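Let me begin by presenting the structure, written as structure tokens, before commenting on it.
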Amino acid sequence: YAIRGLVDLQLHGALGRDFCEGSDEAIRMIAGFERREGVAAVLCATMAQSISTLESMCEVSGAYEDPEKEGADFLGVNMEAPFISVQKRGAENAAYVSPPDADLFEHRQSCARGRVRIVGVAPEVDGSKQLVERASASARVSIAHTMANYEQAKAAFGQGARHVTHLFNAMPPLLHRAPGVVGAAWERDDVTAELICDGNFVEPTVVRMALQLFGTSRIAMISDGMPSSGLPDGTYVLGGDPIVVADGVGRVERDGALAGPATSLMGVMRAAVRRCGIPLEAAVTCASTTPARILGEGDRYGSLEAGHLADVVLLDDDLRTVMVLFRGREV
């Protein structure tokens with residue numbers, strides 16, 4: 001099979017390197033790994049960290065360049081945290097979770113030279129309305145790590161939020177008398193959602209259900225990949241916290257909370273097909289075309305039509321990567 005290069009909207013690291021390090025070298029190594037896996041472009045995600053660490057990450061991201069094109073294209077930052085709910089923090093460090101702050105976001109966006117492309121917010125927390133309204137001018141606002149009910153999520157979408165961070169994970173469940181964030185997102189055709197489709201973070205039946213509910217044009221597969229991606233099971237560090245990886249799934253050492261898959265988006269897409277029963281064509285759309293369009297980059301990525309970047313991945317019958325072409329040249 002020849003498929004287009006993938007686009008990952010959310011990953012944290014690879015090969016033992018963490019985006020939270022806030023260094024050119026970390027981004028370069030992460031991007032290099034991703035390109036070899038067949039991922040053409042990435043957004044690196046923040047964790048809840050100290051003010052100085054987050055500002056450093058933003059500054060490094062704003063200045064980062066890869067003139068030799070050694071890795072996947074670095075499209076900017078997914079500011080997953082810190083404007084989230086402590087109750088649904090997951091692998092995030094509670095000490096650094098902070099209330100939504102529009103002024104603080106705009107300062108960090110300035111540090112990043114406008115390269116914060118997605119920002120997460122828990123809409124039930126005080127300060128979220130102002131953040132959603134102001135941040136929407138420069139980034140795609142995403143409901144993330146939240147205790148929001150249906151009414152609160154619906155209000156946030158009305159204020160300008162247009163995205164949901166890893167649907168089903170770190171939010172109240174979809175219930176028949178409490179549809180929550182999932183129900184509120186489904187009702188809006190202009191809202192998109194990320195989905196971790198490795199079969200561990202969302203059960204395969206629910207993965208198939210989500211694709212039926214939202215359609216491939218509104219679901220973006222993400223890896224949420226950790227620094228352990230590309231490495232064997234063991235103990236690693238994510239956002240300053242020890243993460244134990246077993247059978248390709250990472251959990252926070254302190255409390256066992258799910259942290260993320262230990263694979264690239266190509267590995268997640270493969271699992272979506274082989275483990276969750278998603279048709280290959282649909283999986284490629286959700287891992288390439290849809291995320292590219294969400295970022296407004298659909299004229300460059302996510303298609304093998306003439307005029308797009310020649311980022312092509314050749315897969316065998318088991319969906320293993322045989323060859324990666326980046327800008328038409330073999331990696």
Side-chain angles (χ1 to χ4, degrees), residues 5-14 17-35 39-49 53-84 102 104-121 131-132 134-142 144 160-166 192 194 220-225 239 264-265 287-302 309 311 326:
L6 307 187
V7 178
D8 197 349
L9 299 183
Q10 183 173 321
L11 72 154
H12 295 278
R17 305 307 296 264
D18 189 343
F19 180 55
C20 288
E21 295 173 36
S23 71
D24 275 12
E25 183 183 0
I27 297 176
R28 189 167 289 110
M29 286 191 66
I30 294 166
F33 167 78
E34 296 297 328
R35 188 178 75 166
V39 180
V42 298
L43 288 187
C44 287
T46 64
M47 299 285 290
Q49 294 285 285
T53 298
L54 283 171
E55 289 193 0
S56 175
M57 292 165 66
C58 288
E59 288 172 354
V60 168
S61 298
Y64 181 77
E65 295 181 358
D66 182 15
E68 302 302 321
K69 296 298 180 186
E70 296 176 350
D73 289 340
F74 176 71
L75 298 183
V77 179
N78 180 332
M79 191 174 286
E80 181 182 2
F83 306 128
I84 59 174
L104 190 55
F105 166 76
E106 289 175 348
H107 170 68
R108 289 174 181 164
Q109 180 70 291
S110 176
C111 290
R113 302 182 188 181
R115 295 183 85 173
V116 176
R117 308 293 295 274
I118 297 175
V119 55
V121 61
L131 175 63
V132 171
R134 288 169 55 180
S136 297
S138 65
R140 194 171 186 90
V141 179
S142 182
R162 290 293 180 269
H163 196 63
V164 180
T165 297
H166 41 55
T192 53
E194 302 167 356
M221 286 188 193
I222 60 167
S223 71
D224 206 16
S264 69
L265 183 57
S288 180
T289 308
T290 300
R293 182 181 54 79
I294 286 171
L295 291 180
E297 300 279 1
D299 60 336
R300 297 201 295 161
Y301 307 97
L309 297 174
D311 300 329
F326 188 75

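Treat the numbers as computed from the prediction; the structure is a model and nothing was measured.
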Which atom of Thr289 lies closest to which atom of Gly302, heavy atoms considered: OG1-O, 2.8 Å

Exercise: identify the closest heavy-atom pair between Ile30 and Phe19: CD1-N, 3.8 Å

Side-chain donor/acceptor of His12 to backbone N/O of Ala45, under 3.5 Å: yes

Would you call Phe326 and Asp73 a side-chain contact if the rule is heavy atoms closer than 4.5 Å? yes

Measure the CD-SG distance between Gln49 and Cys20 for me, rounded to the nearest 0.5 Å. 4.5 Å

Is the side chain of Arg115 donor-acceptor paired with the backbone N or O of Val77 at a distance under 3.5 Å, no angle test? no

Rounded to the nearest 0.5 Å, the CZ atom of Arg140 sits from the CD1 atom of Ile118 at a distance of 7.5 Å

I'd like to know if the side chain of Asp18 and the backbone of Gly13 have a donor-acceptor N/O pair within less than 3.5 Å. no

Please name all residues satisfying salt bridge (Lys or Arg N to Asp or Glu O under 4.0 Å) with Glu21, sequence neighbours left out, ordered by chain then number. Arg17

Check the orientation of Phe74 and Tyr64. Use parallel for under 30°, tilted for 30 to 60°, and perpendicular for over 60°. perpendicular

Salt bridge (Lys or Arg N to Asp or Glu O under 4.0 Å) against Arg293, all qualifying residues, sequence neighbours excluded: none

Using side chain to side chain contact (heavy atoms under 4.5 Å, CB included), reason through Cys58 and Met79 one step at a time and then give a plain yes or no. CA-CA 9 Å; Cys58 288; Met79 191 174 286; 3.9 Å; yes

Arg117 side chain vs Leu43 backbone, donor-acceptor pair below 3.5 Å: no

Nearest non-hydrogen partners of Asp66 and Gly71, listed with the distance: OD2-N, 3.0 Å

Which atom of Ile27 lies closest to which atom of Ser61, heavy atoms considered: CD1-OG, 4.4 Å

Counting N and O atoms only, with roles assigned by atom type, does the side chain of Asp8 sit under 3.5 Å from a partner on the main chain of Ser223, one being a donor and the other an acceptor? yes

Distance, nearest 0.5 Å, that separates CZ of Arg28 from OG of Ser23: 9.0 Å

For the side chain of Ser110 and the backbone of Glu106, is there at least one donor-acceptor N/O pair under 3.5 Å apart? no

If I take atom CD from residue Glu34 and atom CG from residue Leu11, how far apart are they, to the nearest 0.5 angstrom? 5.0 Å

Could you check Leu9 against Glu194 for side chain to side chain contact (heavy atoms under 4.5 Å, CB included), going step by step and ending with a plain yes or no? CA-CA 8 Å; Leu9 299 183; Glu194 302 167 356; 4.3 Å; yes

With a 3.5 Å distance limit and no angle check, can you tell me whether Arg108 reaches the backbone of Val116 through a side-chain donor-acceptor pair? no

Closest non-hydrogen contact found for Asp311 with Ala40 is OD2-CB, 3.5 Å

With Arg162, which residues qualify under salt bridge (Lys or Arg N to Asp or Glu O under 4.0 Å), at least two apart? Asp190

Considering all heavy atoms of both residues, which atom of Ile84 and which atom of Ala144 are nearest to each other, and what is their separation? CG2-O, 3.9 Å

Within the structure provided, determine whether Ser138 and Phe105 are in side-chain contact (heavy-atom separation under 4.5 Å). yes

His166 side chain reached by Glu80 side chain, heavy atoms, under 4.5 Å: yes

Pairwise distance CG(Asp224) to CG(Leu265) - rounded to 0.5 angstrom: 11.0 Å

To the nearest 0.5 Å, how far apart are NE2 in His163 and CG in Leu295? 8.0 Å

